[in-house]
Engineer: 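I'd like to ask you about the structure that follows.
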Amino acid sequence: MADFEQIKGRLHHWYQANKRQLPWRETTDPYFIWLSEVILQQTRIDQGLAYFRRFTEHYPNVKLLANASEDEVLKLWQGLGYYSRARNLHQAAKTIAQQMNGNFPDTYNNIIALKGVGEYTAAAIASISFNLPHAVVDGNVFRVLARLFGIDTPIDSTAGKKLFGELAAELLDHHHPGLHNQAMMEFGALQCTPKNPNCTNCILNDCCIALQESKIDKLPVKQGKIKIRHRYFNYIVLTDDRHSYLQKRTGNDIWKNLFEFPLVEAGEKTEIDQVLKQLDQLGIPTESQILSVSNWQKQVLSHQHIHYRFIQLEQTSPKTDRSNLIRVDQKDIFKFAVPKPIEQKLAQLEWI
DNA sequence: CAGGCGTGGCC
DNA sequence: TGGCCAAGCCT
């Protein structure tokens with residue numbers, strides 16, 4: 001039976017031989033490490049890679065990010081999801097630029113104080129950039145530890161977070177915390193995968209409790225089940241002399257601070273007549289004629305299913321004195337950060 | 001503190 | 001196909 005020292009030694013050796021070459025592994029600059037960690041929260045490397053390149057090109061340092069507008073940052077983030085990450089990233093950049101003279105904080109407590117930085121991200125930056133002994137516990141680490149030690153405490157419970165956090169800290173290599181943390185995560189991502197892990201050819205298959213007890217596909221345990229809420233969005237598409245109209249989503253809801261067509265939301269798939277009755281509230285003339293109505297489509301979010309359709313009205317102008325709508329020239333429309341359904345519609349919009 | 005927050009890939 | 005998962009955080 002392998003002890004902790006042997007386990008971490010094997011993991012480090014495995015990591016050196018099997019790690020992927022990624023741009024954020026070419027540096028320890030905390031700005032770039034932070035950027036990569038925020039982008040990769042709940043996100044696959046394949047999806048986040050292009051965004052990392054995009055952000056580092058546009059904002060080579062934290063001050064340039066701080067000086068950008070939130071609208072511009074959200075536009076760069078468009079398509080990546082969980083947009084609060086972008087808003088918090090921008091706010092944290094402003095904090096660093098204005099209150100810390102552009103110097104990235106170099107202690108765990110100061111790092112975790114940044115907006116959008118929690119225990120995981122703070123530990124990652126502290127260990128990778130500053131060689132500080134903080135163990136990361138992400139989805140990969142939960143899975144590796146749960147299987148290796150045969151732990152069936154739910155990872156999304158308070159007790160589970162405490163238990164796995166303590167175990168990860170115990171296992172941490174205090175001399176090489178950054179290497180150790182990345183080895184744990186990379187091992188989970190490439191070897192000890194959620195489905196069909198490669199146990200036949202695994203450096204830990206002689207000491208893995210889950211494998212010995214045939215519980216690989218039972219661990220880790222998750223208790224949480226999420227409830228899906230269904231919403232119905234009637235998007236009103238207005239075109240007017242090669243212009244269209246958008247509004248900004250505000251308030252604490254999905255897609256906060258992104259732009260969309262004027263919207264009539266309902267609790268079900270209502271008749272068009274019911275939708276038209278509410279146009280007045282948007283500042284759109286209620287006598288507008290309908291040009292086309294799309295089929296219902298569906299956008300799946302983590303906690304909601306958005307059923308949406310597009311209702312295109314005749315060429316008309318909103319009552320500008322009463323509306324929050326933004327009149328946008330066709331050539332400027334792609335400057336706005338929009339959610340996926342709007343992005344797809346804009347790509348095929350027929351301009352009048 | 002349990003619930004809310006996007007999108008895409010996998011089987 | 002629908003459900004699960006992916007380098008979590010905020011309130």
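First the proteins, then the strands, lettered A, B, ... as listed; each starts at 1. Quantities reported herein were computed from a predicted structural model and do not represent experimental measurements.
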Engineer: Quick check on C/dC5: is either OP1 or OP2 less than 4.0 Å from any side-chain nitrogen or oxygen of A/R143?
Structural biologist: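 Looking at the OP1 and OP2 atoms of C/dC5, neither is under 4.0 Å from any side-chain N or O of A/R143.
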Engineer: Take atom NE2 of A/H180 and atom P of C/dA7, then tell me their distance rounded to the nearest Å.
Structural biologist: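 Distance check: A/H180 NE2 to C/dA7 P gives 16 Å.
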Engineer: Taking the same atom, P, in C/dC4 and in B/dG3, what whole-Å distance lies between them?
Structural biologist: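 Per the computed distance, 16 Å lies between those P atoms.
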Engineer: In whole Å, I'd like the distance from the OH atom of A/Y82 to the P atom of B/dC5.
Structural biologist: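 Distance check: A/Y82 OH to B/dC5 P gives 9 Å.
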Engineer: Can the ring centres of A/Y31 and A/F104 be said to be less than 6.0 Å apart?
Structural biologist: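 They do not qualify: ring centres at least 6.0 Å apart.
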Engineer: Would you kindly give the CD-to-C1' distance between A/E119 and C/dA7, to the nearest whole Å?
Structural biologist: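 Those two atoms, CD and C1', are 15 Å apart.
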Engineer: Looking only at side-chain atoms of A/H303, point me to the closest of B/dG6, B/dC5, C/dA7.
Structural biologist: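 Minimum distance to the A/H303 side chain belongs to B/dC5.
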Engineer: Out of A/Y308, A/F259, A/W255, which residue meets the side chain to side chain contact (heavy atoms under 4.5 Å, CB included) rule with A/P339?
Structural biologist: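 For A/P339, the side chain to side chain contact (heavy atoms under 4.5 Å, CB included) test succeeds with only one of A/Y308, A/F259, A/W255, which is A/W255.
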Engineer: Is A/R85 side chain donor-acceptor paired with the C/dC9 base, going by distance under 3.5 Å alone?
Structural biologist: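 By the distance-only test, no, there is no pair.
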Engineer: Identify whether any heavy atom of A/W24 sits under 4.0 Å from a base atom; if not, whether one sits that close to sugar-phosphate; answer base, sugar-phosphate or nothing.
Structural biologist: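 If one applies the 4.0 Å heavy-atom cut-off, A/W24 turns out to touch a base.
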Engineer: B/dT7, OP1 or OP2 - any side-chain N/O from A/W255 closer than 4.0 Å?
Structural biologist: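 Checking A/W255 against B/dT7: at least one side-chain N or O falls below 4.0 Å of OP1 or OP2.
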Engineer: Keeping A/R231 on the side-chain end and A/E265 on the backbone end, is there a donor-acceptor pair under 3.5 Å?
Structural biologist: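 Absent.
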Engineer: Look at the side-chain N and O atoms of A/S36 and state whether any lies under 4.0 Å from the OP1 or OP2 oxygen of C/dA7.
Structural biologist: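 It does not, given that no N or O in the side chain of A/S36 lies less than 4.0 Å from OP1 or OP2 of C/dA7.
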Engineer: Would you tell me if any nitrogen or oxygen in the side chain of A/K115 comes within less than 4.0 Å of OP1 or OP2 on C/dT11?
Structural biologist: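 Answer yes for this pair, as a side-chain N or O of A/K115 is under 4.0 Å from OP1 or OP2.
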Engineer: State whether A/Q299 places a side-chain N or O below 4.0 Å from either non-bridging phosphate oxygen (OP1 or OP2) of B/dT7.
Structural biologist: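 The answer is yes; a side-chain N or O of A/Q299 sits under 4.0 Å from OP1 or OP2.
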Engineer: Without decimals, in angstroms, what is the distance between A/Q182 CD and C/dA7 C1'?
Structural biologist: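 Roughly 10 Å, once rounded to whole Å.
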Engineer: Taking 4.0 Å as the cut-off, does a side-chain nitrogen or oxygen of A/Q42 come that near to OP1 or OP2 on C/dC5?
Structural biologist: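 Indeed not, no polar side-chain atom of A/Q42 lies that close.
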Engineer: Could you please name the option among C/dA7, C/dG3, B/dG6 that lies closest to any side-chain atom of A/K195?
Structural biologist: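 Among the listed nucleotides, the one closest to the side chain of A/K195 is C/dG3.
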Engineer: Of the nucleotides B/dC5, C/dA7, C/dA6, which has the atom closest to the A/D138 side chain?
Structural biologist: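 Nearest nucleotide to the side chain: C/dA7.
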Engineer: Tell me which nucleotide among C/dC5, B/dC5, C/dA7 gets nearest to the side chain of A/L22.
Structural biologist: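 Between C/dC5, B/dC5, C/dA7, the one nearest the side chain of A/L22 would be C/dA7.
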Engineer: How many whole angstroms separate atom OH of A/Y308 from atom C1' of B/dG6?
Structural biologist: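 Computing the A/Y308:OH to B/dG6:C1' distance gives 13 Å.
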Engineer: Report yes or no: do A/Q223 and A/S157 form a side-chain donor-acceptor pair below 3.5 Å?
Structural biologist: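 There is no such pair between these side chains.
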Engineer: Which is more 5' along DNA chain C, the nucleotide nearest A/K298 or the one nearest A/G139? Just name the residue.
Structural biologist: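 Here A/K298 is the residue nearer the 5' end.
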Engineer: Contact class for A/D253 vs. all strands (heavy atom < 4.0 Å): base, sugar-phosphate, or nothing?
Structural biologist: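 Since only primed, P, OP1 and OP2 atoms lie under 4.0 Å of A/D253, the category is sugar-phosphate.
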Engineer: What do you reckon, is NE2 of A/H58 surrounded by more than 12 foreign heavy atoms closer than 6.0 Å?
Structural biologist: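 Not more than 12 within 6.0 Å, no.
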Engineer: Please tell me which of A/N88 and A/R25 maps to the more 5' nucleotide of DNA chain C, matching each residue to the nucleotide holding its nearest heavy atom.
Structural biologist: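 The 5'-side residue here is A/R25.
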